[in-house]
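Keep in mind that what you see is a predicted model, and the values were worked out from it rather than measured.
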Amino acid sequence: MIFDRIKRNAARKEKMKTESAEEHQKCMVSRRDFLMYTGALASTASVVSLSLFPGTAQAQSVRARVVGYPRQLIAKVSELKLNEPVNFNYPDNGPNSRAIVTRMGVKAGGGLGNKQDIVAFSLMCTHQGGPLDGQYKVVGEHRVLGQCPFHLSTFDLRRHGIIVSGQAYESLPQVLLEQDGDDIYAVGIMGLLFGRTDNIIAMQGA
């Protein structure tokens, strides 16, 4: 009799666990559904390609949805000349929003075009905000922005703006791009612009 009671209690607990899990699952949203719902609800959403772990054995390309930033026309593919950067402001015309877009002639992380060689980056050094205007350089197969006039920081534009020398310790913010025919749009920023606590908040308050 005692064993029967133990078995009944165990069966009741197992049933409660199963029901609880099923009820819980009804309230859960999968990662895939979450991305679909948030993308559907967002007023502006763009999908861009990003490279994870570039230059390593784990390197891979992924698709990422960008929401909240303005979709701004910044250049035309047919008008970009090789290694001649074009200046623009993004995500607004406020402080520290200066950036460049350039066709580098070599494949780069996040690059657009047939050669995946069109990229855009902030012109503010991530260390102390030194201006990087006019510092784009071609060094063999490398494409860099720097040296910063403050502390000589240099950034690799082929690998998402990672720091290669100097005192900066954060990658240069990369402007995420989207192509529509001949038009190139800025649709987001990967990284935090120097001098801002939040790119989006700063944009809305500008």
J.: Indicate yes or no: at least one non-hydrogen side-chain atom of S97 is less than 4.5 angstrom from one of R196.
T.: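 Of all side-chain heavy-atom pairs linking R196 with S97, at least one is under 4.5 Å.
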
J.: Among pairs that include at least one residue of residues 79-118, which meet ring-ring contact (aromatic ring centres under 6.0 Å, His included), considering only residues two or more places apart or in two chains?
T.: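 Residue pairs with at least one partner in residues 79-118: there are none.
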
J.: Evaluate the side-chain proximity of I118 to V101: yes if any heavy-atom separation is below 4.5 Å, no if none is.
T.: yes

J.: To the nearest 0.5 angstrom, please state how far the CG atom of D117 sits from the NZ atom of K107.
T.: 11.0 Å

J.: So which atom in K76 and which in I184 form the shortest heavy-atom distance, rounded to 0.1 Å?
T.: C-CD1, 4.3 Å

J.: Indicate the atoms forming the closest heavy-atom contact of N199 with G191, along with that distance.
T.: ND2-O, 2.9 Å

J.: Any chain of hydrophobic side-chain contacts (each under 4.5 Å) joining V138 to L157?
T.: yes

J.: Quick check against the 3.5 Å criterion: does Q174 have a side-chain atom that pairs as donor or acceptor with the backbone of G109?
T.: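 Answer holds: yes.
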
J.: Would V77 and L112 show up in the same hydrophobic cluster when neighbours are defined by side-chain heavy atoms closer than 4.5 Å?
T.: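 In one cluster with V77: L112, yes.
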
J.: Enter the distance from L132:CG to R98:CZ here, rounded to the nearest 0.5 Å.
T.: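 If I round to the nearest 0.5 Å, the distance is 8.5 Å.
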
J.: Answer yes if the side chains of D180 and Y185 hold a donor-acceptor pair under 3.5 Å, and no otherwise.
T.: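 Checked: D180/Y185 side chains show no N/O donor-acceptor pair below 3.5 Å.
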
J.: Are any of the side-chain heavy atoms of K115 and V106 separated by less than 4.5 Å?
T.: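 Heavy-atom side-chain distance check fails, nothing below 4.5 Å.
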
J.: Applying the 4.5 Å side-chain criterion to the ILVMFWY set and letting contacts propagate, would V119 and I100 be lumped into a single cluster?
T.: yes

J.: Can you tell if the side chain of P149 reaches within under 4.5 Å of the side chain of P131, non-hydrogen atoms only?
T.: yes

J.: Between atom CD of Q135 and atom OG of S153, what is the distance when rounded to the nearest 0.5 Å?
T.: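 So the CD of Q135 and the OG of S153 are separated by 11.5 Å.
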
J.: So how far is it from F121 CZ to M190 CE, rounded to the nearest 0.5 Å?
T.: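 Output value for this atom pair is 7.0 Å.
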
J.: Would you compute the distance between atom CG of L145 and atom CG of L123 and round it to the nearest 0.5 angstrom?
T.: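 Atom-to-atom, L145:CG and L123:CG are 6.0 Å apart.
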
J.: Side-chain contact test, heavy atoms from C-beta onward, threshold under 4.5 Å: evaluate it for T126 versus P173 and give yes or no.
T.: yes

J.: Within a 6.0 Å radius of atom NZ on K137, are there more than 12 heavy atoms belonging to other residues, nucleotides or ligands?
T.: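 Yes - once you tally the heavy atoms of other residues, nucleotides and ligands closer than 6.0 Å, there are more than 12.
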
J.: Specify the closest pair of heavy atoms between E178 and V187, including all atoms of both residues, with the distance to one decimal.
T.: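 Heavy atoms only, the tightest pair is CB-CG1, 3.8 Å.
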
J.: Are I189 and L177 connected into the same hydrophobic cluster when the rule is that any two of I, L, V, M, F, W, Y join if their side-chain heavy atoms are below 4.5 Å apart?
T.: yes

J.: Closer than 3.5 angstrom, by distance alone: can the side chain of Q72 be matched with the main-chain N or O of N89 as a donor-acceptor pair?
T.: yes

J.: Please report the C-alpha distance between F155 and C148 in whole Å, then the side-chain angles of each, then the deciding distance to 0.1 Å, and finally whether the side-chain contact (heavy atoms from CB on, under 4.5 Å) criterion is met.
T.: CA-CA 9 Å; F155 304 88; C148 173; 5.5 Å; no

J.: Would you sort out whether R71 and D183 count as a salt bridge (charged side-chain N to carboxylate O under 4.0 Å, His left out), showing the intermediate values?
T.: CA-CA 12 Å; R71 187 172 186 263; D183 295 332; over 6 Å; no

J.: Any chance CG of N114 has more than 12 other-residue heavy atoms, nucleotides or ligands included, within less than 6.0 Å?
T.: no

J.: How about L176 and Y69: do any of their side-chain heavy atoms sit closer than 4.5 Å?
T.: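 No, side chains not in contact.
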
J.: As an exercise, state the distance from OH of Y136 to CE of M104, rounded to the nearest 0.5 Å.
T.: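 Answer rounded to 0.5 Å: 5.5 Å.
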
J.: Determine the minimum heavy-atom distance between E170 and I163, stating which atoms define it.
T.: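 It is O-CB, 4.5 Å.
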
J.: Within the 4.5 Å heavy-atom criterion, are K81 and T102 side-chain neighbours or not?
T.: no

J.: Check R143 against D156 and note the closest heavy-atom contact, atom names and distance.
T.: O-OD1, 3.7 Å

J.: Are the side chains of L80 and V86 in contact, using a 4.5 Å heavy-atom criterion?
T.: yes

J.: Which pair of non-hydrogen atoms, one from S171 and one from I162, has the smallest distance, and what is that distance?
T.: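 Scanning both residues completely, I find the closest heavy atoms to be OG-CA, 3.4 Å.
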
